[in-house]
There are 2 protein chains.
Amino acid sequence: MTRTFPSINPEASPATDTSSRPGSIRESSWRDYARDDLPPILSSALACFMEQGYHGTTIRQVAARTGLSVPGLYHHYPSKHALLVALMSHAMSDLWTRSQLAIAEAGTSVPRQFDLLVECLVLFHARRRELAFIAYGEIRSLNGTARSEHIEARDRQQRLMDSIIARGVETGIFTTRFPREASTAVITMCTGVAQWFQPHGSLTPEELAERYREITTMAVGRSGTF
Amino acid sequence: MTRTFPSINPEASPATDTSSRPGSIRESSWRDYARDDLPPILSSALACFMEQGYHGTTIRQVAARTGLSVPGLYHHYPSKHALLVALMSHAMSDLWTRSQLAIAEAGTSVPRQFDLLVECLVLFHARRRELAFIAYGEIRSLNGTARSEHIEARDRQQRLMDSIIARGVETGIFTTRFPREASTAVITMCTGVAQWFQPHGSLTPEELAERYREITTMAVGRSGTF
DNA sequence: CTATACCTACCGAGCGATCGCTCGGTAGAT
DNA sequence: ATCTACCGAGCGATCGCTCGGTAGGTATAG
């Protein structure tokens, strides 16, 4: 029943190596969005889901976009639902990995943890806009265990922000009277970026992250100078 | 071609009159969500769209939920798409009407306009949670002119907040360095309420509106005392 | 007062199209 | 001989929608 389906070669480009650049021995990898490692079929599925939603997309459209026949597609994924699950879990695990790296880089300073987590969230939802859009908009299209696992991953992400803000309020660094709602508001702001950000707009993801860092900082009421 | 389709009687309940209560001659109507005037068919469609999305919902499900046959439903609405259009335009015009009433009540004070608009937005997205959820999540399911009209209505809502924050920054009442992004952030926060608010949770819509008023006030950097 | 006409508000049955998915293959590499 | 990586054809189910009705109310003519 539980067959393993191989995935199409995730483009093993041997030429460009962005991990080591002259001048910097080790960049923070959670800021790096140079390579998009989505296999071709998932990339096609993502494009279709963006345009028409999960239920509005047919398996034939995904196959045609990839240059495959319908049985050719089913050789790689057992069902239409599996395409959505693969996209969703990829999105949530990628965001979780980046978030943990960002917080690790921040060390023990709570305001710095807050700053880097906001930066991480904004960068992800701007750079992986389509993936994040689907991950937050198609939850109700998930069935069974995949749905509860996705919601658990989302709640875990929320608790990360909750705990940072709660610690900031305890130590008097953040002055907001409503830590829980402020956390929800900050998370909503950052994930909402995926719903309006335009890659060719006037702001780069990095510029937006800096502005959102300042706005969210004011929202939680950080004491001291800016 | 353009037949007019009548709507099912929007419940003419003659008994309860909530508009005039003892002690207050005229309440602000934009805060009143006592009566939900959605016709039965649209109410069924909304429930189905919430559970499975527009494309995931069949016309037979909507009909069965209303207690009608399929042709019976088509007597009232010419197509499945028309159900979505009716829900969308109802949501946007209701929100627009309430927003204008809120700002009118605020008078010429910019901070008060900001406060009441935030309160109006939070109340709407908490009290009309399902309607707002569909209105922001099913835009891509809209076709033709309905889509562009909906987007125009959404942009008009955004400009309302933009102009208030811009005036606040000009007069020095708001100190944010990024009025445009702060406006987007505030709108995203408030509309995002529809994605997580639970009617039977620990906060009433009114309590949440008050907390969000304070959080958004800090986000735009209002000068002076709180 | 009745007869006919016309209206709204529905429904049983079903049409053509399309859906997710599968069967039974083929081509090439190992 | 066996594996991966596909494909042409098509199956049963379901989709949005429609055809040709019926039941009951109201309006007008005789």
Side-chain angles (χ1 to χ4, degrees), chain A residues 1-12 38-49 51-88 138 140-144 146, chain B residues 1-12 38-49 51-88 134 138 140-144 146-147:
Chain A
M1 201 62 186
T2 51
R3 273 214 292 152
T4 54
F5 282 76
S7 63
I8 279 191
N9 173 17
E11 55 185 79
L38 267 191
I41 293 179
L42 288 188
S43 185
S44 302
L46 179 57
C48 289
F49 294 168
E51 292 170 12
Q52 305 164 283
Y54 173 74
H55 284 298
T57 297
T58 73
I59 215 75
R60 277 165 245 262
Q61 291 170 334
V62 178
R65 203 172 195 125
T66 323
L68 285 175
S69 67
V70 171
L73 190 150
Y74 275 100
H75 177 73
H76 296 277
Y77 292 90
S79 68
K80 180 186 175 185
H81 189 252
L83 293 174
L84 183 62
V85 172
L87 281 173
M88 293 286 224
E138 294 286 1
R140 68 187 159 192
S141 302
L142 282 176
N143 300 333
Chain B
M1 199 63 184
T2 52
R3 273 213 294 153
T4 54
F5 282 76
S7 64
I8 280 189
N9 174 19
E11 56 186 77
L38 267 191
I41 293 180
L42 288 188
S43 186
S44 301
L46 179 57
C48 290
F49 294 168
E51 292 170 12
Q52 306 165 282
Y54 173 74
H55 284 298
T57 297
T58 74
I59 215 74
R60 276 165 246 262
Q61 291 171 334
V62 178
R65 202 172 195 126
T66 323
L68 284 176
S69 66
V70 171
L73 191 150
Y74 275 99
H75 177 73
H76 295 277
Y77 293 91
S79 67
K80 181 186 176 187
H81 189 252
L83 294 174
L84 183 61
V85 172
L87 281 173
M88 293 287 224
I134 295 304
E138 293 286 1
R140 67 187 160 195
S141 302
L142 283 176
N143 300 333
R147 183 185 202 136

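- When distances run from any side-chain atom of B:H76 to the nucleotides C:dC10, D:dG10, D:dC6, the shortest one goes to C:dC10.
- For the pair A:G72 and B:T58, nearest-nucleotide mapping onto DNA chain D gives the more 5' position to A:G72.
- With distances taken from any side-chain atom of A:V70 to the nucleotides C:dC11, C:dC21, D:dC15, the minimum falls on C:dC21.
- When each of C:dC11, C:dG14, C:dT22 is scored by its nearest atom to the side-chain atoms of B:S69, the top-ranked nucleotide is C:dC11.
- Among C:dC21, D:dG8, D:dG16, the nucleotide with an atom closest to any side-chain atom of A:Y74 is C:dC21.
- Counting only heavy atoms from C-beta on, A:P71 has its side chain closest to C:dT22 among D:dC17, D:dC6, C:dT22.
- Of the candidates D:dC15, C:dC21, C:dC11, C:dC21 carries the atom nearest the A:K80 side chain, counting heavy atoms from C-beta on.
- The closest donor-acceptor contact from the side chain of A:R65 to the backbone of A:S43 lies at 3.5 Å or more, if one exists at all.
- Atom C1' of nucleotide C:dC10 and atom OH of B:Y77 are separated by 16 Å, given to the nearest angstrom.
- Rounding to whole angstrom units, CZ of residue B:R60 and P of D:dT18 are separated by 13 Å.
- Closest approach to the B:H75 side chain among C:dC11, C:dT8, D:dG10 is made by C:dT8 (side chain taken as heavy atoms from C-beta onward).
- Rounded to whole Å, the distance from CG on B:L73 to P on C:dC10 is 10 Å.
- Of the candidates B:T58, B:T66, B:I59, B:T57, B:C48 forms a side chain to side chain contact (heavy atoms under 4.5 Å, CB included) with just one, namely B:T57.
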